[in-house]
Amino acid sequence: MSGAARHVLILGGTTEARRLAAELAADPSLRVTSSLAGRVAAPRLPVGEVRVGGFGGPGGLARWLREQQVDALIDATHPFAGTISFNAAEAATDARVPLLALRRPGWTAGPGDRWTSVASLDEAARALPALGERVFLTTGRMGLAAFAHLEDMWFLVRSVDAPEPPMPSRMETVLERGPFTVDGERELLRRHRIDVLVTKDSGGEATAAKLVAAREASVPVVVVRRPAVPTGVPEVADAEGAAAWVRRTLGRHA
């Protein structure tokens, strides 16, 4: 195929973003760049070009889109990345670049689940004293300050990188990266005598095993709901749907 490669920018950091980058990079008519926020010390790098760090808000992202002649933008960030999705929507409109959101579906409670839905980490912290004393905290290392005042509770904190203060005084840290197994999560709950789990509604299979283990052990789960996302942005649930959108949008054929 003649002509310059069409440029696709993926705002990534998720499993779905890496899958999409691998699929698109296999097409020689496409140039694929993945942008990572840089919050993890040793991220899993996707196929193709990679940039790390922020853009300086929606204006900076719009400028980058124009300067790098981006033809399509995909927001495949973590469901709790928050601000970047709104920045992407504003920048895409400013730069007149088509935008797609790749958002994995959230989790749904089933029979036997004992879930408490909350809107924030602060609300999760307020709910904990009535639910248990030994907490498995799987919300990442960035929001531990919300739980630092709960001095009568014990926390098992799992994160990819080591957390930093402020954080709970009675705490043990497990540095691990998913995917996790149901057997492994069962053993973790048993060994640490966990009686309540806190998680964000990240969705996906990589970290869902803890929910199965909690259900089996009748352990209550505090689930932090996803933040709001921009309206009017088309969405797909998986990398295959995103790749098909890119081909349609850029006039490519599968």
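From a predicted model like this one, the values you see are computed outputs, not experimental measurements.
- Defined by atom type and a distance below 3.5 Å, a donor-acceptor pair is present between the side-chain atoms of Asp27 and Ser29.
- Closest non-hydrogen pair, Arg114 versus Ser218, comes out as NH1-O, 2.5 Å.
- Remark: Thr116 OG1 to Leu197 CG distance equals 11.0 Å, nearest 0.5 Å.
- Using a 4.0 Å cut-off between a side-chain N of Lys or Arg and a carboxylate O of Asp or Glu, Arg19 and Asp238 do not qualify as a salt bridge.
- Residue Ala124 comes nearest to Val198 through the heavy atom pair CB-CG1, 4.2 Å, listed as atom of the first residue, atom of the second, then distance.
- Considering CG of Leu137 and CE of Met171, their distance stands at 9.0 Å, rounded to 0.5 Å.
- When side chains are defined from C-beta on, Leu211 counts as touching Trp115, because their heavy atoms get closer than 4.5 Å.
- With salt bridges taken as basic N to acidic carboxylate O contacts below 4.0 Å, one links Arg215 and Asp113.
- Shown here for Gly12 and Ala17, the closest heavy-atom pair between the two residues is CA-CB, 3.6 Å.
- Counting heavy atoms from C-beta outward, Arg186 and Val182 have side chains that approach closer than 4.5 Å.
- Contact check for Ser159 versus Leu175: side-chain heavy atoms found under the 4.5 Å cut-off.
- At least one side-chain heavy atom of Thr173 sits less than 4.5 Å from a side-chain heavy atom of Pro163.
- In terms of hydrophobic clustering, with Ile, Leu, Val, Met, Phe, Trp and Tyr side chains grouped at heavy-atom distances under 4.5 Å, Val174 and Val221 are assigned to a common cluster.
- Under the 4.5 Å side-chain contact rule for hydrophobic residues, Val135 and Leu150 share a cluster.
- Between Arg141 and Asp161, some side-chain heavy-atom pair lies under the 4.5 Å cut-off.
- Between atom CD1 of residue Ile194 and atom CH2 of residue Trp154 there is a gap of 5.0 Å, rounded to the nearest 0.5 Å.
- Two residues are said to be in side-chain contact when any heavy atoms from C-beta on lie closer than 4.5 Å; Thr93 and Glu90 fail this criterion.
- Atom CZ of Arg96 is surrounded by 12 or fewer heavy atoms from other residues, nucleotides or ligands within 6.0 Å.
- Leu24 CG to Ile10 CD1: the interatomic distance, rounded to the nearest 0.5 Å, is 5.5 Å.
- Side chain of Ser85 to backbone of Val229: no donor-acceptor contact under 3.5 angstrom is found.
- For Ala25 against Val47, the heavy-atom pair with the smallest separation is CB-CG1, 3.6 Å.
- Using modelled atom types, no side-chain atom of Arg6 and backbone atom of Val8 make a donor-acceptor pair closer than 3.5 Å.
- Between Asp75 and Arg103 there is a salt bridge, with a side-chain nitrogen of the basic residue lying less than 4.0 Å from a carboxylate oxygen of the acidic one.
- Ile74 and Leu99 fall into different hydrophobic clusters, defined by Ile, Leu, Val, Met, Phe, Trp and Tyr side-chain heavy atoms under 4.5 Å apart, directly or through other members.
- Taken together through direct or relayed side-chain contacts under 4.5 Å among Ile, Leu, Val, Met, Phe, Trp and Tyr, Phe55 and Leu73 form part of one hydrophobic cluster.
- Under a cut-off of 6.0 angstrom, the local environment of CD in Glu235 is crowded, with over 12 non-hydrogen atoms contributed by other residues, nucleotides or ligands.
- Judged purely by atom type and a 3.5 angstrom limit, Arg170 uses its side chain to pair as donor or acceptor with the backbone of Asp152.
- A pairwise comparison of heavy atoms in Pro220 and Asp195 identifies CD-O, 3.2 Å as the closest pair.
- Residues Gln68 and Leu9 are not in side-chain contact: their nearest non-hydrogen atoms beyond the backbone lie 4.5 Å or more apart.
- Under a 3.5 Å cut-off, the side chain of Trp107 and the backbone N or O of Gly204 do form a donor-acceptor pair.
- Counting all heavy atoms, side chain and backbone alike, Ala239 lies closest to Leu102 at N-CD1, 4.0 Å.
- Using modelled atom types, no side-chain atom of Arg193 and backbone atom of Arg134 make a donor-acceptor pair closer than 3.5 Å.
- Atom CD of Glu172 sits in a crowded spot, with more than 12 heavy atoms from other residues, nucleotides or ligands closer than 6.0 Å.
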Could you walk me through whether Asp71 and Leu30 satisfy the side-chain contact (heavy atoms from CB on, under 4.5 Å) test, starting with their C-alpha distance in whole Å, then the side-chain angles of each, then the deciding distance to 0.1 Å, before giving a yes or no?
CA-CA 10 Å; Asp71 298 288; Leu30 298 176; over 6 Å; no
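- A salt bridge links Glu23 with Arg247: at least one charged nitrogen is closer than 4.0 Å to a carboxylate oxygen.
- Distance alone, capped at 3.5 Å, places no donor-acceptor pair between the Arg126 side chain and the Pro129 backbone.
- In this structure, Met167 CE and Phe155 CZ are separated by 12.5 Å, a value rounded to the nearest 0.5 Å.
- If you chain together hydrophobic residues whose side chains sit under 4.5 Å apart, Phe80 and Val160 never meet in one group.
- Between atom OG of residue Ser202 and atom CZ of residue Arg104 there is a gap of 6.5 Å, rounded to the nearest 0.5 Å.
- Looking at Phe147 and Val157, their side chains never come closer than 4.5 Å, going by heavy atoms from C-beta outward.
- Side-chain atoms of Thr138 and Arg158 form no donor-acceptor pair, as typed in the model, at a separation below 3.5 Å.
- Checking side-chain atoms of Asp201 against main-chain N and O of Val223 turns up no donor-acceptor pair under 3.5 Å.
- For Arg66, the CZ atom counts as densely surrounded, since its 6.0 Å shell holds more than 12 non-hydrogen atoms of other residues, nucleotides or ligands.
- Relative ring orientation between His7 and Trp64 is described as tilted, the plane-to-plane angle lying within the 30° to 60° band.
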Starting from the C-alpha separation in whole Å, work towards a yes-or-no answer on side-chain contact (heavy atoms from CB on, under 4.5 Å) for Leu100 and Thr249.
CA-CA 10 Å; Leu100 176 76; Thr249 300; over 6 Å; no
